[in-house]
Protein chains: 2
Amino acid sequence: MKKRHSTITDIAKALNISASTVSRALHDNPSISLETKNKVLSLAKELNYQPNMLALSLLKKKTKTIGVIVPEITSYFFAMVINGVQDMVDEAGYKLIISQSNESFEEEEKLIETLSLGRVDGFLISTSSNTMTYGHLEKLRSSGIPIVVFDRDCPGFDADKVLVADFDGAYQAVDYLVKTGCKSLAHIAGPANLTTSQHRKAGYLKALSDNNLAIREELIQTVDGFTSEFGEEAAKALLDLPYPPDAIFAINDAVAIGAMAVIFERGLRIPEDISIVGFDDEPYSKYFHPSLSSVWQPVYDMGMLSAKILMNQLDKDFDDVNYRYEVLKPELVIRESSKPLPDFYKV
Amino acid sequence: MKKRHSTITDIAKALNISASTVSRALHDNPSISLETKNKVLSLAKELNYQPNMLALSLLKKKTKTIGVIVPEITSYFFAMVINGVQDMVDEAGYKLIISQSNESFEEEEKLIETLSLGRVDGFLISTSSNTMTYGHLEKLRSSGIPIVVFDRDCPGFDADKVLVADFDGAYQAVDYLVKTGCKSLAHIAGPANLTTSQHRKAGYLKALSDNNLAIREELIQTVDGFTSEFGEEAAKALLDLPYPPDAIFAINDAVAIGAMAVIFERGLRIPEDISIVGFDDEPYSKYFHPSLSSVWQPVYDMGMLSAKILMNQLDKDFDDVNYRYEVLKPELVIRESSKPLPDFYKV
DNA sequence: GAATTTTGCGCAAACCTTTGCATAGCAAAA
DNA sequence: TTTTGCTATGCAAAGGTTTGCGCAAAATTC
């Protein structure tokens with residue numbers, strides 16, 4: 001039983017003045033007499049008048065709303081990005097519509113479709129792992145809606161982008177593992193289609209070759225998702241090899257945790273028999289036993305920066321094609337799941 | 001540089017007919033000739049016509065959007081509730097605006113204020129831990145916007161509610177701990193203001209007295225937040241007691257994990273020296289060492305049910321004051337952080 | 001051929017707000 | 001007295017869509 005909100009017209013009628021006058025009075029327009037202003041203001045308060053945002057949006061063609069599309073919300077990673085976005089956006093009075101694609105290209109398309117129907121001014125998007133073409137994004141942008149892509153790059157699609165130096169993070173991790181004496185390093189790689197997976201894998205490969213270690217294809221296990229269950233499977237495959245690895249660099253912490261569970265099941269020790277390094281540095285990671293070494297990412301900052309760039313775009317009223325390309329630096333956090341660095345490496 | 005979306009009027013002009021005819025044609029209204037319909041439909045496709053949702057919402061006074069207010073989004077618990085909500089709501093064509101109160105009453109008030117200005121049709125809300133009065137909710141409801149309260153009850157505020165039998169869950173956990181031989185059971189209680197904390201504590205107390213165990217106030221540590229750091233502090237306080245506990249029932253898994261870390265630091269064994277049971281059964285909990293016993297909650301279902309109830313309310317066009325009060329059943333999951341149940345208790 | 005029904009479409013209002021332009025009243029300047 | 005200028009307000013359009021009502025032309029019935 002929706003009770004009608006009182007409108008500007010209600011006030012106008014009650015006061016026997018026009019709606020325009022009321023509007024101007026409420027906005028403290030100098031051309032309205034003090035007397036009228038006071039009457040309007042007090043009646044507005046009495047009737048609990050609230051401007052109708054829909055009417056305003058329709059008129060101004062701005063919704064003051066930003067659409068955020070993430071693959072999923074249950075992962076710490078994306079939840080934390082959203083936190084950063086939210087904090088940045090709040091001050092500017094923007095609202096957020098958060099949607100999940102569930103790593104599905106079709107859902108992603110549908111979301112963009114529906115959200116763009118006059119609901120949001122701009123998009124913050126991290127594509128699904130099944131997104132391989134960017135026609136939907138091109139279409140969106142060509143209809144004049146600014147987009148900022150974050151974390152997962154969209155090669156060939158020009159837009160503002162805020163990414164993490166995944167190659168770098170992976171390189172750091174693997175190089176460190178080598179320096180601690182590991183000789184046979186495995187990688188549990190993420191969904192092949194994602195740039196983040198590709199870059200981390202590339203970092204792994206480069207670190208190996210820079211250290212003159214042979215690349216053994218069978219030591220690279222690719223998983224299709226980011227949960228611990230995938231890590232378990234991959235680890236089993238690795239441990240079943242005739243020459244199993246003495247270190248695993250996992251695509252993320254959840255997968256690393258799954259791998260650790262399997263390693264323990266087999267009666268092996270971490271890090272004595274096998275070293276483990278993850279990616280993401282989730283809050284729980286330091287509480288595992290042994291605590292998990294991991295590559296930390298500036299997740300919150302990524303959210304903040306992406307939001308800032310988007311809001312910048314929204315302020316302009318022309319397409320700025322000088323897209324920004326920001327790459328944030330990750331950082332290796334060493335804990336107990338990997339061996340300490342020998343003294344002679346220390347600075 | 002926002003390019004104008006093509007509108008119904010554009011089509012009308014191009015075809016030399018009225019906007020009403022176009023609208024009816026697009027809605028397959030029988031009073032429009034097949035010929036006109038075809039012309040309209042093909043031109044609409046060509047111009048990539050998309051209805052303007054804002055205009056529609058303004059007219060219909062429905063936004064097809066639901067506001068979800070949670071204390072935080074980074075916790076698995078609320079993220080998973082949102083998942084349930086999303087899945088239920090998607091089919092019905094509703095969109096979600098998700099906002100976080102950051103456990104702040106003021107932010108919660110502000111969110112409700114802004115979102116209710118014609119943006120959302122209804123609210124799904126779990127109040128902040130600092131919310132002690134419900135005037136903002138009363139006001140919201142009295143303006144005709146349906147509300148469903150979930151997880152955290154608002155005593156004295158009448159509305160549809162979807163809760164979890166926290167008392168029950170806590171009772172199960174503590175009763176079980178007693179039956180495994182623990183004599184001195186501690187509880188790390190949650191923020192005092194939350195009904196969930198209160199009910200879990202009540203369950204703890206009842207299980208103790210039902211088992212003829214004395215209640216020792218010093219064994220109840222209250223924390224102000226849900227992160228592991230709080231668990232660490234509380235555990236330290238408990239272990240520093242002259243007669244430390246041989247079991248800890250924690251308000252949630254994160255806190256339990258923090259407690260476990262401290263216990264290990266002190267060289268104690270779990271569960272031999274101290275048993276631990278958490279609450280929430282987060283995905284990681286089974287991967288800890290020892291794996292964490294916990295009370296599982298039907299989180300996803302809670303989201304689904306809440307959303308369903310809200311959408312039901314939205315379909316009606318009168319205030320249904322027969323508010324629903326749903327209480328979902330949690331379930332104890334026994335793992336290695338607590339001792340096995342002696343044989344003679346087993347069915 | 002006249003009366004009636006059917007078919008196909010347009011008008012205008014409604015949703016709520018903002019804003020450029022017009023206007024009315026009045027005082028001051030010429 | 002006329003002109004100018006200012007103050008305070010109103011009108012109407014615009015934003016995009018739906019829908020009740022009305023109207024004309026065509027088709028049907030007698």
Side-chain angles (χ1 to χ4, degrees), chain A residues 2-41 43-44 47-65 114 116-119 121 143-144 317, chain B residues 2-41 43-44 47-65 116-121 143-144 317:
Chain A
K2 189 141 285 194
K3 290 187 197 69
R4 244 182 92 269
H5 267 202
S6 50
T7 73
I8 230 171
T9 331
D10 296 336
I11 301 182
K13 275 189 194 143
L15 257 40
N16 247 320
I17 53 179
S18 78
S20 354
T21 306
V22 176
S23 170
R24 281 188 261 254
L26 291 171
H27 289 81
D28 207 22
N29 185 309
S31 75
I32 301 295
S33 71
L34 202 65
E35 195 194 337
T36 315
K37 265 182 201 166
N38 287 335
K39 274 197 288 190
V40 169
L41 253 33
L43 185 58
L47 294 182
N48 186 28
Y49 167 77
Q50 320 246 217
N52 183 319
M53 283 312 186
L54 286 174
L56 254 173
S57 299
L58 181 59
L59 190 63
K60 297 273 182 69
K61 298 191 164 222
K62 302 226 167 181
T63 57
K64 280 273 185 183
T65 304
T114 49
S116 65
L117 302 187
R119 294 174 156 287
D121 294 342
S143 82
D317 47 354
Chain B
K2 190 142 282 191
K3 290 188 198 67
R4 245 183 91 267
H5 266 203
S6 51
T7 74
I8 230 171
T9 329
D10 295 337
I11 301 183
K13 273 187 195 144
L15 257 42
N16 247 319
I17 53 181
S18 77
S20 356
T21 305
V22 176
S23 171
R24 279 188 262 254
L26 290 171
H27 290 84
D28 208 23
N29 184 308
S31 78
I32 301 295
S33 71
L34 201 66
E35 197 193 335
T36 315
K37 265 183 203 164
N38 287 335
K39 274 197 287 188
V40 168
L41 254 33
L43 185 58
L47 295 182
N48 186 27
Y49 167 76
Q50 320 247 217
N52 182 319
M53 283 312 187
L54 285 175
L56 253 173
S57 300
L58 181 59
L59 189 64
K60 295 275 182 67
K61 297 183 167 229
K62 303 225 167 180
T63 58
K64 279 277 188 177
T65 304
S116 64
L117 302 186
R119 294 173 155 287
V120 301
D121 294 341
S143 82
D317 44 354

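As a basis for the values below, the full set of heavy atoms in this structure was taken, side chains included, without hydrogen atoms, waters or symmetry mates. Each chain gets a letter, A, B and so on, in the order the sequences are listed, and its residues count up from 1. Nothing here was measured: the structure is a model prediction, and the numbers come from that model.
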Fill in: Phosphate-side-chain proximity, B/T7 and D/dG16, N/O vs OP1/OP2 below 4.0 Å
no

Worksheet item: How long is the span from the CG atom in B/N52 to the CG atom in B/L58, to the nearest 0.5 Å?
Response: 10.0 Å

Worksheet item: Between B/I17 and A/L59, which is nearer to the 5' end of DNA chain C once each is assigned its nearest nucleotide?
Response: B/I17

Worksheet entry | side-chain N/O A/K60 vs D/dA14 OP1/OP2, d < 4.0 Å | no

Worksheet item: Is A/L56 touching bases, backbone alone, or none of the nucleic acid, heavy atoms closer than 4.0 Å?
Response: sugar-phosphate

Discussion item. Would you say A/Y49 places a side-chain N or O within less than 4.0 Å of OP1 or OP2 belonging to C/dC16?
Written reply: no

Worksheet item: Between B/S23 and D/dT18, does any side-chain N or O lie under 4.0 Å from OP1 or OP2?
Response: yes

Worksheet item: Roughly how many Å is it from NZ in B/K13 to P in C/dG10, rounded to a whole number?
Response: 14 Å

Discussion item. On the nucleotide C/dT18, are OP1 or OP2 found under 4.0 Å from the side-chain N or O atoms that A/H27 carries?
Written reply: yes

Discussion item. Over all strands shown, is B/I8 touching base, sugar-phosphate only, or nothing at heavy-atom distances under 4.0 angstrom?
Written reply: sugar-phosphate

Worksheet item: Whole Å only: how far is the NZ atom of A/K62 from the P atom of D/dA14?
Response: 21 Å

Fill in: Euclidean distance, atom CZ of residue A/R24 to atom P of C/dC21 [Å, nearest integer]
12 Å

Discussion item. So for the helix from C/dG1-D/dC30 to C/dA30-D/dT1, with five pairs setting each end axis, what is the inter-axis angle to 10°?
Written reply: 70°

Worksheet, complete the sentence: Here the gap from A/S23 atom OG to A/I32 atom CD1, rounded to the nearest 0.5 Å, amounts to 9.0 Å

Fill in: Check: B/N29 main-chain N/O paired with B/K37 side-chain donor or acceptor under 3.5 Å
yes

Worksheet, complete the sentence: To the nearest angstrom, the CE-P distance between A/M53 and C/dT17 comes to 10 Å

Item to complete: Check every strand shown and say whether A/L54 touches a base, only sugar-phosphate, or nothing at a heavy-atom separation below 4.0 Å.
Response: nothing

Worksheet item: Atom NE2 of B/H5 and atom C1' of D/dT17: how far apart are they, to the nearest Å?
Response: 16 Å

Discussion item. What is the separation between atom CZ on B/R119 and atom C1' on C/dC16, rounded to the nearest whole Å?
Written reply: 15 Å

Worksheet entry | Separation of B/D28 CG from B/L34 CG (nearest 0.5 Å) | 9.0 Å

Worksheet entry | side-chain N/O B/T21 vs C/dC9 OP1/OP2, d < 4.0 Å | no

Worksheet item: What integer distance in Å separates A/L58:CG from C/dC15:P?
Response: 14 Å

Fill in: Spacing between B/N52 atom CG and D/dG16 atom C1', to the nearest angstrom
6 Å

I'd like a table of donor-acceptor pairs (distance under 3.5 Å, sequence neighbours excluded) in which one partner is a side-chain atom from residues 11-21 of chain A, with atom names and distances.
unit_1: A/S18; atom_1: OG; unit_2: A/S20; atom_2: N; d: 3.4
unit_1: A/S18; atom_1: OG; unit_2: A/S20; atom_2: OG; d: 3.2
unit_1: A/S18; atom_1: OG; unit_2: A/T21; atom_2: N; d: 3.3
unit_1: A/S18; atom_1: OG; unit_2: A/T21; atom_2: OG1; d: 3.1

Discussion item. Using a 4.0 Å cut-off on heavy atoms, which residues in residues 30-41 of chain B reach DNA chain C? List them by number, or say none.
Written reply: B/S31, B/I32, B/S33, B/T36

